[in-house]
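Here is the structure we will look at, set down as structure tokens.
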Amino acid sequence: MAAAKIPLFYDDREHAEKIIYELSLHEDLSLIKKRLKLGDYQLNGWLIERKTLPDFVQSLCDGRLFSQVARLAQSPNHTALLIEGYKQDIACYQIRREALIGALCSISINFHIPILRSLSQTETAKILYFCATQLNRREHELTLTGRKPKRKKNQQLFILQSLPEVGPKLANKLLCHFASVEAVVTASEEALMQVGGIGKNKASKIREVLTR
């Protein structure tokens, strides 16, 4: 019996034919075009936003960058930013190196979003493939073999992710806010809504599944 292919979703507005072509050469991947609300690629609970280096610099200069990063940070999914290109690509921009370094530090430290670097679309495709296979291997170990996380915090996160519309990132936010699983499951809708990423609709769904 052939092994199931690893699904990798890409946004239908992503114009990167070389990346899609390179990914299509991997027989263990299943490429699926769809409209993504956030990010350019989605794989196993992760959203990856791809920016060329000129686009990164331009969005920093015109003030769009951090509003985009904030939306990524509020996603219930894990998120990463992939920056693609050579420094020569931004030679025409009047921007100080210190400003770029400051932006990268803010994204990784303040917003907790990892940054991946790529020089070309070919290298981007390799990075996406590595991410997909490694995440799939971990998922296989945790679910298909029946293994459960051993560390206490991972066990708590594992439980919280069973709640409606709670992904890995939102589970971590809930645990950080309430400090225990018990406090989460006994929290009111109003208390749940104090956590970033949880609105009234999501809070109601969580309370419903816990109380019905």
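No hydrogens, no waters, no symmetry mates; every other heavy atom, side chains included, goes into these values.
- For the atom pair CG of L47 and OG1 of T79, the computed distance is 7.0 Å after rounding to the nearest 0.5 Å.
- I19 pairs with exactly one of T122, I127, T124 by the side-chain contact (heavy atoms from CB on, under 4.5 Å) rule, that one being T124.
- Contact of the Q68 side chain with the S59 side chain is registered, since non-hydrogen atoms from C-beta on lie closer than 4.5 Å.
- The structure places CG of L53 at 7.0 Å from CD1 of I83, a figure rounded to the nearest 0.5 Å.
- Looking only at side-chain heavy atoms (C-beta outward), L36 and Y10 stay at 4.5 Å or farther from each other.
- Side chains of K169 and S75: no donor on one and acceptor on the other come within 3.5 Å.
- Of the possible donor and acceptor atoms, one in the side chain of N44 sits under 3.5 Å from a partner among the backbone N and O of L135.
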Quiz item: Does the side chain to side chain contact (heavy atoms under 4.5 Å, CB included) test come out yes or no for L100 and F56, once each step is laid out?
Solution: CA-CA 9 Å; L100 288 176; F56 179 81; 4.0 Å; yes

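- Residues K126 and E22 are not paired through a salt bridge, judged by the lack of any N-O separation under 4.0 Å between the basic side chain and the carboxylate.
- Inspection of the E49 and Y41 side chains reveals no N or O donor paired with an N or O acceptor under 3.5 Å.
- With hydrogens and angles ignored, the 3.5 Å screen pairs a side-chain donor or acceptor of R207 with a backbone N or O of V185.
- Panel note: side chain Q58, backbone P54; no donor-acceptor pair is recorded below 3.5 Å.
- In this structure, CG in L72 is found 14.0 Å from NE2 in H112, a value given to the nearest 0.5 Å.
- Under a hydrophobic clustering in which Ile, Leu, Val, Met, Phe, Trp and Tyr are joined whenever their side-chain heavy atoms come within less than 4.5 Å, directly or via other members, L175 and I198 fall into the same cluster.
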Quiz item: What do the steps show when you test W46 against N77 for side chain to side chain contact (heavy atoms under 4.5 Å, CB included), and what is the final call?
Solution: CA-CA 6 Å; W46 278 80; N77 297 91; over 6 Å; no

Self-check item: Steps toward side chain to side chain contact (heavy atoms under 4.5 Å, CB included) verdict (T52, D89)
Solution: CA-CA 9 Å; T52 63; D89 298 339; over 6 Å; no

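- Judged purely by atom type and a 3.5 angstrom limit, S106 has no side-chain atom pairing as donor or acceptor with the backbone of A103.
- Using modelled atom types, no side-chain atom of D40 and backbone atom of D11 make a donor-acceptor pair closer than 3.5 Å.
- When the options K18, K51, R50 are evaluated for a salt bridge (charged side-chain N to carboxylate O under 4.0 Å, His left out) with E84, the one that passes is R50.
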Exercise. Evaluate the side chain to side chain contact (heavy atoms under 4.5 Å, CB included) criterion for residues S30 and I6: first the C-alpha distance (whole Å), next the side-chain angles of each, then the deciding distance (0.1 Å), finally the verdict.
Key: CA-CA 6 Å; S30 174; I6 304 169; over 6 Å; no

